[in-house]
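Okay, structure first, notes after.
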Amino acid sequence: MRLRFAALLLAATATPALAAPIHQYGGLALAPKGDVLATIEDNAADHGVVTLRSVKGGKVLRTIDPCAKCGYAGLSFGPDGSLAYLARDRAAGTVTLMVDGGRAQRPVATVAGIAQTPRWSPDGTRIALLVTIGAAKEAGATQAGVRQVGEIGEHSDEQRLAVFNATGAPVAAAAVKPLSPADRYVYEYDWTPDGKGFVATTALGNGDNNWWVATLDAIDAATGDLRNIARPTTQMNFPRVSPDGRSVAYIGGLMSDFGSVGGDLWTVPLAGGEPVNMSRDAKFTATSLIATNKGLWLTVLKGDRAGYMTPVSSNADGAGIWSRPASFAAGDGRAAFSADGRTVAMVVQDFTHAPAIFAGPVGKPVQITHDNDAAPALAIARSIEWKNDGFDVQGWLLAPLGADPAARHPMVTIVHGGPSAANVPSYVQRGATADLLAAGYYVFLPNPRGSYGQGEAFTAANKRDFGGGDLRDILSGIDAVERQAPIDDARLGLTGGSYGGFMAMWANTQTNRFKAIVAGAGLSNWVSYYGTNGIDQWMLPFFGKTMYDDPKAYEDVSAIYHMKKAKTPTFIYVGERDIEVPPTQSIEYWHALKDMGVETSLVIYPEEGHGIRGPANTADLRKRTVAWFDKYLGR
């Protein structure tokens, strides 16, 4: 077992207050020449504006804000350096595709509904866009679902591909004509180098659910005709066509939530064929794939380090050309590259350093923004590595500033969702982690088997073993922490959301080591969950069969069948309109705890989906969470 400090900080007697709001950099895109980048940044009116910066030094060149009531997204540079972006007017229910050609902003098309992912054609004459006309909800299963009233299951939102002339007359909402077939949901896409078509991941029917059975397809840019390229046995993200137009690369793996990307690098001929795993047995996880005119780049997660590399080095055991214990972000992948692949830019942060843009030569990018340099560190963070059941496991320990090293302290373990995901460094500013640290708790963020960062075999190691080996990894990780930090084993708390909520509910029936639990949007009964959630397809790669074909596999890992062993006081919360983990799962668990005489509380937050986002609800949840741990762990 090994410990690595993420930052060396001077001790303080109290957690410092934030000097100023944190400056955010969203949707970063890099111009083809690598000289200019665009982000969506805050202004004095707390409204995000499109901001153009010089890559050399980070100087703000100008800002773009043609619609003060709009939110911006989808930054995409064209071959000539023109910038496309989306302006969303929520009150009007529209999204407008805009082009900035210098200082003039020109509308290209308006969509009545929602839209995302604008991409320029290789010759710069057209812009493709994913549109959902008349959307009933936000895209994605984590968003609040439509109310299940009336005849259900008869209509699903359709996200389709549309193409617009980049220099033609603006297309009104009523005139928008999607190109791709009406019966297919398009998730991601890429132009072919000749501009005659696209590759895309698509699926029939419900887009929230059927990503797990999506296929890799070609779409003709003139007719919209669809041709299947491959039917992978993995989930797919980031389909990208090679510069010569002969093959398609993508990230494929056991991914349980769209947007939480991790897997191996796969390739398949554009003409069709059997996909080939190009990074089999690699000890890292590929997290995004970025195309340039010269080739492809991978961003990867290896243990506690994020990095990037070229696919030709993807079988190497290292963390890439440039890596560090941090997290990367950009609008189209986790890093952005110039057309020649020589310049890179991304937003970088860790637990103790607020977001900053790094940019420059791919081998040595440097920090070019300093808006957040004065933001204080609110914790001391270290990476912890340990072994369990033959696996190398990694996690993060956050210590409150000024903690007395001679005293024993309470600790709360936070289990990430997924299960295919990872706890990665993110600046501790506000939220549950900051609240717990401010209240004097150590915070442990483990990445047990099933997580990203150790290779696809490690991610797949919890198949048909939910709450088994991964819980053992977490408990042994707590042992490792206690050998290195002044933790009071009699004052341990546990929390998590989604799959982390399941682990919190399940752990209550497997161990009495935790003295207080907070379970968010957790799964208490996999049997009833299978028939009531809106995304049942994700479970099949993990369980191997449907619940109806193998009910015992689902029953065996359901906390509800083991409730007589549950003793730990548990606070439960969930969103009213959560379709990913319906609130009935929390109600069932709360009811069982009440019957068993275990202290419990349940809050169902109105209008919320899979995650509590409303400011008032978030504030209430944070207050309740700390109060629950304070009550039973006694700071």
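None of the values given here were measured: they were computed from a predicted structure. Residue numbers run from 1 in the order of the sequence given.
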Checklist line | Ring centre gap for H23 and Y25 strictly below 6.0 Å | finding: yes
Check: Do the ring centers of F444 and W396 come within less than 6.0 Å of each other?
Finding: no
Could you tell me which residues satisfy salt bridge (Lys or Arg N to Asp or Glu O under 4.0 Å) with [X], sequence neighbours excluded, listed by chain and number?
| X | value |
| --- | --- |
| E555 | none |
| D465 | none |
| R449 | D389, D473 |

So how far is it from [X] [atom1] to [Y] [atom2], rounded to the nearest 0.5 Å?
| X | Y | atom1 | atom2 | result |
| --- | --- | --- | --- | --- |
| S383 | D350 | OG | CG | 12.0 Å |
| Q454 | F284 | CD | CZ | 12.5 Å |
| D578 | E608 | CG | CD | 10.0 Å |
| R382 | D304 | CZ | CG | 14.0 Å |
| D470 | F391 | CG | CZ | 10.5 Å |
| I414 | T433 | CD1 | OG1 | 3.5 Å |

Return yes if a side-chain donor-acceptor contact under 3.5 Å exists between [X] and [Y], otherwise no.
| X | Y | result |
| --- | --- | --- |
| N277 | E456 | no |
| W266 | T234 | no |
| E588 | N525 | yes |
| T600 | T570 | no |
| N209 | Q537 | no |

Next item on the list: Begin from the C-alpha positions of V261 and M255 and carry the test side chain to side chain contact (heavy atoms under 4.5 Å, CB included) through to its verdict.
Entry: CA-CA 7 Å; V261 179; M255 293 178 273; 4.0 Å; yes
Notebook entry, point to check: Between L494 and N508, is a side chain to side chain contact (heavy atoms under 4.5 Å, CB included) present by the stated rule, with each step listed?
Noted result: CA-CA 9 Å; L494 179 68; N508 199 355; over 6 Å; no
Do side-chain atoms of [X] reach the backbone of [Y] as a donor and acceptor pair under 3.5 angstrom?
| X | Y | result |
| --- | --- | --- |
| Q585 | S524 | yes |
| E576 | Y605 | no |
| S601 | F571 | no |
| Y589 | L523 | no |
| T285 | Y452 | no |

Next item on the list: Please lay out, stage by stage, how Q235 and I251 fare under the test side chain to side chain contact (heavy atoms under 4.5 Å, CB included).
Entry: CA-CA 8 Å; Q235 281 74 58; I251 295 174; over 6 Å; no
Check: Has K545 got more than 12 heavy atoms of other residues, nucleotides or ligands less than 6.0 Å from its NZ?
Finding: no
Next item on the list: Inspect the surroundings of CD in Q510 and state if more than 12 heavy atoms from other residues, nucleotides or ligands are less than 6.0 Å away.
Entry: yes
Next item on the list: Applying side chain to side chain contact (heavy atoms under 4.5 Å, CB included), name anything that partners D556, two or more places apart in sequence or on another chain.
Entry: K552
Next item on the list: Sequence neighbours left out, what passes side chain to side chain contact (heavy atoms under 4.5 Å, CB included) with R324? Give chain and number order.
Entry: R305, W322, A326, F328, V348, F358
Check: Who are the ring pair (Phe, Tyr, Trp, His ring centres under 6.0 Å) partners of W297, not counting sequence neighbours?
Finding: Y308, F337
Notebook entry, point to check: What residue pairs, at least two apart or across chains, pass ring pair (Phe, Tyr, Trp, His ring centres under 6.0 Å) with a residue in residues 459-487?
Noted result: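 Of all non-adjacent pairs touching residues 459-487, those that pass ring pair (Phe, Tyr, Trp, His ring centres under 6.0 Å) are F466-Y499, F466-W526, F466-F542, F466-F543.
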Margin query: W628: which residues meet the side chain to side chain donor-acceptor pair (under 3.5 Å) condition with it, sequence neighbours left out?
Written below: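 Side chain to side chain donor-acceptor pair (under 3.5 Å) check on W628 returns nothing, list empty.
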Next item on the list: Would you please name every residue forming a side chain to side chain donor-acceptor pair (under 3.5 Å) with T546, sequence neighbours left out?
Entry: D549
Check: Which residue pairs satisfy the salt bridge (Lys or Arg N to Asp or Glu O under 4.0 Å) criterion with at least one member in residues 510-531, sequence neighbours excluded?
Finding: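 For residues 510-531, and leaving out neighbouring residues, the salt bridge (Lys or Arg N to Asp or Glu O under 4.0 Å) pairs sorted by first residue read D479-R513, E482-R513, D489-R513.
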Next item on the list: Not counting sequence neighbours, list each pair that qualifies as a salt bridge (Lys or Arg N to Asp or Glu O under 4.0 Å) and has a residue in residues 392-411.
Entry: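 Qualifying pairs, neighbours excluded: K387-D392.
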Item checked: Pairs touching residues 411-426 that satisfy side chain to side chain donor-acceptor pair (under 3.5 Å), sequence neighbours left out ->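 Sorted result for residues 411-426: H416-S451.
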Check: Taking it one step at a time, do Y554 and Y530 satisfy ring pair (Phe, Tyr, Trp, His ring centres under 6.0 Å)?
Finding: CA-CA 9 Å; Y554 292 77; Y530 189 92; 5.6 Å; yes
Checklist line | Exercise: identify the closest heavy-atom pair between A516 and T568 | finding: N-CG2, 3.5 Å
Notebook entry, point to check: Given the rule in the side chain to side chain contact (heavy atoms under 4.5 Å, CB included) test, do T495 and V415 qualify, once you have shown the distances and angles that lead to the verdict?
Noted result: CA-CA 6 Å; T495 186; V415 184; over 6 Å; no
